[in-house]
Amino acid sequence: MNETGTDFIRKTVEEDLASGKYSDGPVTRFPPEPNGYLHIGHAKSICLNFGIAAEYGGKCNLRFDDTNPGRESAEYVRSILRDVKWLGFDPGERVYFASDYFDDLYRFAVRLIKEGKAYVCGLSPDQIRETRGTLTRPGVESPDRNRPAEESLALFEKMKNGEFEEGRYVLRAKIDMASPNLCLRDPAIYRIRKAMHHRTGEKWCIFPMYDFAHPLSDAIEGITHSLCTLEFANNRPLYDWFVSNLTDEPRPKQIEFARLNMSYTVLSKRKLSRLVEEGRVEGWDDPRMPTIAGMRRRGIPPEAIRKFCDMIGIAKKDSLVDVALLEHVIRETLNRTAQRRMAVLRPLKMVIENYPENRSEELTAINNPEDPSAGTRNVPFSRVLYIEKDDFMENPPKKFFRLAPGREVRLRYAYIIKCQSVVKDDATGEITEIRCTYDPATRGGNAPDGRKIKATIHWVSASHAVRSEVRLYDRLFLKENPGAETQDGDFTDSINPNSLEKLSPCYLEPSLRHAAPGERFQFERLGYFCVDLKDSTSQNPVFNRTVTLRDSWAKISARSRRGA
RNA sequence: UGGGGCGUCGUCAAGCGGUAAAGACACAGGAUUUUGAUUCCUGCAUUCGGAGGUUCGAAUCCUCCCGCCCCAGCCA
């Protein structure tokens, strides 16, 4: 069920079920056009449709709305299928294509013509536009509007047989050229398209329009509740027109809800494809993309996406969901499930002066404090280590309580150490190494004398470390709503130039050597990371940062930097 | 300025005529902590786009106004 209560769509479904209208439970459908990759906005719809079917003992179909050859392809069909399953929903045998219904749809069209409810129109696309009227002026009727049915039938047949070039004729529903709803001003329902269709090949050269194919496909499949986004509300009267003129009860019912918008990203296929085409990202599955494929590669668990969709709710209000909410559910699920490891991303060499040169020892580390069943592992310790550059400051500000000259700090699961001196590059003055001593009595990190150690930092033994590349991802856009003021023109203006930072070499604890692609970890004190699905090899492991840990120190230091 | 849809905390979002307007995220404090993480407390809309009205009683009903979104593809 839903986090926030029962949304208005579920309520409608419940009422319809209670009224006995649909005896076999609700049948919903997720109807993507295979012309792009699925994104998190689609995930909202997938969760809604499959969720309702599951909750009320119904069914959910996956139907490809493939009525426009030329911009659709089998590659997209494959990616969509994969993404839906990865998200955790299995349509099983219920995978359909609008193109499966082309014969039925054709028959429906013929029936409309015979009944005087459709006609073949010879107006050019330009003429159709000109005669459609405007928002405030009615349209004018086509000279072909009263063409005898026999004549339309013959022309439609010829259209089907490929006897006309594209654009020469179109089949139109005869409704009302004066309707205040432009959708009803004799909309085109079939057009000539001489393109190779990814499934029907060259069998057809006329293709039904969405407004015609969609409601009828719903009816053919016995859909009870046809859920779509708000921008289709204008099309609903047309949806009802086709369904009531051509099909019997019980008829499918269209219900609209608000599409998902999320801060600091864009969620329209058009804009996402532009990012890909213009090379702003490395592909549809770039980990910065809000696509399912991108999020998968980023390391976001499908469970988190489902939880997110559950939390944002379903309503009719246009909204902009804070991406922080997504980040929150990602952290929440990963905190529970991801094993902890130590990794140093920006290495600073540390030498333990009183630790023997050739010695090393194994220390025990907890895999997941949130899950005792995850057990423990051993981590090697030796004289030369790497620690994070950020964990040392030569002249620390007041609130910094990590390592600094003369200060003590605990190395996680290892020893309490003290900074004795700093080695710098003579030429640049840059700190190249810090020299410390350790307290042998503190093995494991406990102080037998009970002295309080304010900070614990992570580390990796230099001689045992696995070298790796780590990719740090940040939001793709600097503006909360990149599409807002710029119509479409240049949402790319607000692209974040620093959305990707590749770090190398990074040093990982040796247990990470055999991590499998897709495997997710928490690098302690840094964030959640996963092995890249594409570029990682055992020779050159690559990790992607999914999301950082919450970092109150970052807030404190940023605040004091501003204040000072 | 035709038609359709929508306006409840910074962001989502419950609420559907009956006492003090859920919850989550964000934010701000505090406690515990070998991750400045997690966890745990605490605070955070005298008010529901505005104005009138109906009612003993309204965010919930009525009227008017204001604002935002969608529609003039042979796209979906």
Side-chain angles (χ1 to χ4, degrees), chain A residues 2-7 31-33 35 65 67-68 71 121 123-125 128-130 132-139 166-172 179-185 187-193 206-207 209-211 213-214 228-237 256 258 260 263 269-270 311-329 331-332 335-336 340 342 365-366 369-370 399-402 410-414 416 442 444-447 453-458 480 522-527 548-557:
Chain A
N2 190 277
E3 271 293 300
T4 53
T6 309
D7 58 73
E33 182 188 15
N35 71 338
D65 228 325
T67 56
N68 191 359
R71 56 183 231 171
C121 177
L123 255 26
S124 70
I128 288 187
R129 189 179 336 109
E130 286 156 14
R132 184 158 23 229
T134 68
L135 296 180
T136 49
R137 295 268 168 280
E166 290 189 11
R168 179 66 190 81
Y169 285 108
V170 77
L171 181 69
R172 293 227 251 170
S179 172
N181 181 344
L182 308 222
C183 289
L184 300 179
R185 318 243 262 229
I189 60 182
Y190 259 97
R191 74 298 210 181
I192 299 169
R193 221 30 32 120
I206 53 172
F207 292 88
M209 301 284 292
Y210 165 87
D211 281 318
H214 198 82
C228 64
T229 43
L230 251 25
E231 66 269 28
F232 290 100
N234 295 318
N235 305 53
R236 186 171 2 109
E256 310 86 20
L260 172 66
S263 60
K269 260 190 220 171
R270 216 192 131 338
M311 287 178 75
I312 57 177
I314 298 293
K316 297 189 79 160
K317 183 174 63 169
D318 289 312
S319 60
L320 182 65
V321 175
D322 192 341
V323 69
L325 183 60
L326 211 214
E327 290 170 354
H328 171 262
V329 301
R331 291 191 184 104
E332 183 180 67
N335 176 51
R336 246 177 31 237
R340 312 290 113 134
M342 290 199 286
I366 294 166
E370 307 292 323
K399 287 175 183 157
F400 183 88
F401 50 76
R402 274 112 91 152
R410 174 167 36 234
L411 296 180
R412 175 138 242 227
Y413 297 125
I416 293 169
T442 58
N446 300 302
I453 301 297
K454 199 89 190 279
T456 299
I457 65 172
H458 59 97
E480 193 173 50
Q522 181 195 100
F523 289 174
E524 293 215 32
R525 303 208 306 130
L526 298 173
T548 60
L549 252 28
R550 281 183 64 203
D551 187 354
S552 50
W553 164 242
K555 279 181 195 169
I556 296 167
S557 61

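Owing to the predicted nature of the structure, the values given are computational and were not obtained by experimental measurement. Labels below follow one simple rule: chain letters A, B, ... track the order of the sequence lines, proteins then strands, and each chain is numbered from 1.
- Closest to the side chain of A:A324, from the set B:C25, B:A14, B:C12, is B:C25.
- Dashed line: the shortest gap from a side-chain N or O of A:H458 to OP1 or OP2 of B:U35 is not under 4.0 Å.
- Between A:R71 and B:C75 there is no side-chain polar atom (N or O) within less than 4.0 angstrom of OP1 or OP2.
- Counting only distance, with no hydrogens or angles, the side chain of A:R331 and the backbone of A:T548 share a donor-acceptor pair below 3.5 Å.
- Distances from the side chain of A:D7 to the nucleotides B:A14, B:U35, B:A13 place B:A14 closest.
- The salt bridge (charged side-chain N to carboxylate O under 4.0 Å, His left out) test applied to A:E166 returns A:R193, not counting sequence neighbours.
- Using a 4.0 Å cut-off, some side-chain N or O of A:R132 falls inside it from OP1 or OP2 of B:C74.
- Among the nucleotides B:C74, B:U35, B:C75, the one closest to the side chain of A:N68 is B:C75.
- At the heavy-atom level, A:T134 lies under 4.0 Å from base atoms of the strands shown.
- Listed nucleotides: B:C74, B:U35, B:G36. Nearest to the side chain of A:W553: B:G36.
- The glycosidic torsion of B:G49 lies more than 90° away from 0, placing the base in the anti range.
- Taking 3.5 Å as the limit, the base of B:U35 and the side chain of A:R340 contain a donor-acceptor pair of atoms between them.
- Listed nucleotides: B:U35, B:C25, B:C75. Nearest to the side chain of A:E33: B:C75.
- For A:F401 against A:A455, the heavy-atom pair with the smallest separation is O-CB, 3.1 Å.
- Contact check, A:S124 against B:C74: no side-chain N or O comes under 4.0 Å of OP1 or OP2.
- A:R191 has no side-chain polar atom (N or O) that falls below the 4.0 Å cut-off from OP1 or OP2 of B:G73.
- Between A:T442 and A:K555, it is A:K555 whose nearest contact on RNA chain B lies nearer the 5' terminus.
- Of the candidates B:U35, B:G3, B:A13, B:G3 carries the atom nearest the A:P180 side chain, counting heavy atoms from C-beta on.
- Between B:G36, B:G3, B:C74, one nucleotide has an atom nearer to the side chain of A:F401 than all others, and that is B:G36.
- The P atoms of B:G53 and B:U60 are separated by 14 Å, rounded to the nearest whole Å.
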So which protein nitrogen or oxygen atoms get under 3.5 Å of nucleotides 5-10 of chain B's nitrogens or oxygens?
from	atom 1	to	atom 2	distance (Å)
B:U8	OP2	A:K317	NZ	2.8

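- Residues meeting the ring-ring contact (aromatic ring centres under 6.0 Å, His included) test with A:F400, sequence neighbours left out: A:W553.
- Comparing the C1' positions of B:A31 and B:U55 gives an interatomic distance of 50 Å, to the nearest angstrom.
- Between the side-chain ring of A:Y210 and the base of B:A76, no stacking contact exists by the 5.5 Å and 30° definition.
- At the heavy-atom level, A:E256 lies nowhere under 4.0 Å from the strands shown.
- Comparing atom distances between the A:E524 side chain and each of B:G73, B:G2, B:U35 picks out B:U35 as nearest.
- OP1 or OP2 of B:C74 has not a single side-chain nitrogen or oxygen of A:R193 nearer than 4.0 Å.
- Nucleotide B:G7: paired with B:C66 (Watson-Crick or G-U wobble, both distances less than 3.5 Å).
- Where A:L135 and A:I128 each meet RNA chain B at their nearest nucleotide, the meeting point lying more 5' is that of A:L135.
- Of the side-chain N and O atoms in A:S552, one or more sit less than 4.0 angstrom from OP1 or OP2 of B:A37.
- Across all strands shown, A:I206 has no heavy atoms under 4.0 Å from either base or sugar-phosphate atoms.
- As rounded to the nearest Å, B:C12 and B:G2 have C1' atoms that lie 33 Å from one another.
- With distances taken from any side-chain atom of A:M209 to the nucleotides B:G2, B:C25, B:C75, the minimum falls on B:C75.
- Across the P atoms, B:A59 and B:C25 are found 28 Å apart, a figure rounded to whole Å.
- When distances are taken from the side chain of A:E370 to each of B:A24, B:C71, B:U38, the shortest belongs to B:U38.
- As rounded to the nearest Å, B:C75 and B:C71 have P atoms that lie 16 Å from one another.
- A donor-acceptor contact under 3.5 Å is formed by the side chain of A:N234 with the base of B:G3.
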